Amino acid sequence: MDLRSTYRSIVVLTGAGISAESGIQTFRASDGLWEAHKIDEVATPEGFKKDPALVQRFYNSRRQQLLGSDISENAAHVALAKLEATHTGSFTLVTQNIDDLHERAGSQSLVHMHGELLKSRCTSCCTVADCVKDLSVEDHCDHCGTQGSLRPHIVWFGEMPFEMDRIQQALMQCDLFISIGTSGNVYPAAGFAQQAAHAGAHTLQLNLEASNTPGSFNQSFFGPATELVPEVVDKLIRQSEV
């Protein structure tokens, strides 16, 4: 694994593959269904408008799983937090995941581009709040008092990912881009490696198998994130200390 000794600006993108080893189900099956539901039923604004109770039940189930005692951060999450803590330059961790496992591992400079399962958002006043309980159509917003206005703070299909300006700026400035556990199916994240490459960054893919954008990477390594990520992080840290 040949990497430069120092990088001034690192951007890491993580996807479902890094959390799968912690027991987080990806929910989206090969038949395009999530827990026997069509995507447009549970992951679109139109689906929420049509049947908010169904959508709340779906995300309540996911939230309960995330908060279960058997779910915890893994070695890949911990390694990325270690890299951030030791890196003397700029570091940005962009995740497509809506869980909080990066936070549990200690990551600080973190962008949840697809939202956070443990937060709610009011469709009336746009207030975002922590949420560790089940949501219901009967709930009132603590800020504005509107009933039935709380939704999961999740980016659904057809909605714009969060903090894209911050992400784009980081991609334009980075000299190392690492993609971990993501298939390259979903845009705009699928285009991040190419954007970083155009900016002159070294691009690295760590995945179980090749993504749908293999030509965007200078190097690719395949295997479990819990094995590959600590190895890469330790190498980066050792080389930076030389």
Side-chain angles (χ1 to χ4, degrees), residues 13-20 22-29 31-68 71 73 77 93-104 107 109-168 181-183 185-190 192:
L13 171 68
T14 63
I18 195 172
S19 291
S22 288
I24 298 291
Q25 301 175 30
T26 60
F27 287 86
R28 188 174 184 180
D31 58 6
L33 300 179
W34 287 8
E35 287 193 324
H37 297 295
K38 294 180 180 179
I39 291 174
D40 58 5
E41 292 178 342
V42 296
T44 64
E46 294 78 14
F48 184 66
K49 183 177 181 180
K50 180 180 179 180
D51 193 344
L54 171 64
V55 174
Q56 298 290 27
R57 289 196 300 271
F58 177 79
Y59 287 97
N60 287 343
S61 175
R62 300 189 69 179
R63 192 178 300 107
Q64 290 165 5
Q65 184 208 14
L66 177 58
L67 294 172
I71 300 296
E73 68 276 18
H77 297 107
L93 174 56
V94 181
T95 185
Q96 299 174 86
N97 300 333
I98 60 175
D99 60 60
D100 68 336
L101 299 185
H102 283 301
E103 287 92 338
R104 296 189 201 183
S107 292
S109 183
L110 180 61
V111 179
H112 276 279
M113 65 178 295
H114 290 163
E116 300 177 65
L117 187 56
L118 299 185
K119 290 185 177 179
S120 65
R121 184 167 81 250
C122 178
T123 57
S124 180
C125 68
C126 299
T127 296
V128 176
D130 293 336
C131 179
V132 295
K133 66 174 185 177
D134 286 353
L135 291 177
S136 164
V137 294
E138 305 298 326
D139 290 336
H140 292 76
C141 173
D142 290 337
H143 184 75
C144 70
T146 303
Q147 182 179 11
S149 63
L150 298 181
R151 57 163 280 182
H153 187 52
I154 306 298
V155 175
W156 288 326
F157 289 93
E159 296 181 326
M160 180 65 68
F162 297 137
E163 299 196 62
M164 284 304 299
D165 288 345
R166 176 183 173 187
I167 294 170
Q168 296 296 336
T182 179
S183 64
N185 283 325
V186 180
Y187 283 84
F192 288 174

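What you see is a predicted model; the values in this text were computed from it and never measured.
Proximity of His114 to Asn97: side-chain heavy atoms (C-beta onward) are nowhere separated by under 4.5 Å. Residues Leu135 and Arg63 have side chains in contact (heavy-atom distance under 4.5 Å, counting atoms from C-beta outward). Counting only heavy atoms from C-beta outward, the side chains of Val94 and Leu110 never approach each other to under 4.5 Å. Looking at Met164 and Ile167, their side chains come closer than 4.5 Å, going by heavy atoms from C-beta outward.
Every ring pair (Phe, Tyr, Trp, His ring centres under 6.0 Å) that His102 has, sequence neighbours left out, goes to His77.
Judged purely by distance below 3.5 Å, without hydrogens or angles, the side chains of Thr182 and Gln96 pair a donor atom with an acceptor atom. Counted by atom type alone, Asp134 and Gln64 present one or more donor-acceptor pairs between their side chains at under 3.5 Å.
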Stepwise side chain to side chain contact (heavy atoms under 4.5 Å, CB included) test for Glu138 and Gln147: CA-CA 6 Å; Glu138 305 298 326; Gln147 182 179 11; 3.1 Å; yes

Using side chain to side chain contact (heavy atoms under 4.5 Å, CB included), reason through Leu67 and Leu118 one step at a time and then give a plain yes or no. CA-CA 9 Å; Leu67 294 172; Leu118 299 185; 4.1 Å; yes

Ser149/Thr123 under side-chain hydrogen bond (donor to acceptor under 3.5 Å, both in side chains): CA gap, chis, key distance, verdict: CA-CA 5 Å; Ser149 63; Thr123 57; 4.7 Å; no

Under 3.5 Å donor-acceptor pairs involving side-chain atoms of residues 41-49, not counting sequence neighbours:
residue : atom : partner : partner atom : Å
Glu41   : OE1  : Lys38   : N            : 3.3
Thr44   : OG1  : Asp40   : O            : 2.8
Thr44   : OG1  : Gly47   : N            : 2.9

Please list, one pair per line, the donor and acceptor atoms closer than 3.5 Å that link side chains of residues 151-159 to other protein atoms, with sequence neighbours excluded.
residue : atom : partner : partner atom : Å
Arg151  : NH1  : Glu159  : OE2          : 2.9
Arg151  : NH2  : Ile154  : O            : 2.5
Arg151  : NH2  : Glu159  : OE1          : 3.2
His153  : ND1  : Arg121  : NH1          : 2.8
Trp156  : NE1  : Tyr59   : OH           : 2.9
Glu159  : OE1  : Trp156  : N            : 2.8

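In terms of heavy atoms, Ser107 sits closest to Leu93 at OG-CD2, 3.5 Å. In plain terms, the two heavy atoms of His112 and Phe162 that are nearest each other are O-CD1, 3.7 Å. In this structure, Leu150 and Gln56 approach most closely via the heavy-atom pair O-NE2, 2.8 Å. What you find for Arg104 and Ile71 is that their closest heavy atoms are NH1-O, 2.9 Å. Closest of all the heavy-atom pairs between Thr146 and Ser124 is OG1-OG, 3.4 Å. What you find for Gln65 and Ile24 is that their closest heavy atoms are NE2-CA, 3.9 Å.
Just one residue in the list Thr95, Asp99, Thr14 forms a side-chain hydrogen bond (donor to acceptor under 3.5 Å, both in side chains) with Ser19, and that residue is Asp99.
The main-chain N or O of Glu103 is never found under 3.5 Å from a side-chain atom of Asp100 such that the two would form a donor-acceptor pair.
Rounded to the nearest 0.5 Å, atoms SG (Cys122) and CG (Asp139) are 11.0 Å apart. Interatomic distance, Ser61 OG to Leu66 CG, rounded to the nearest 0.5 Å: 11.5 Å.
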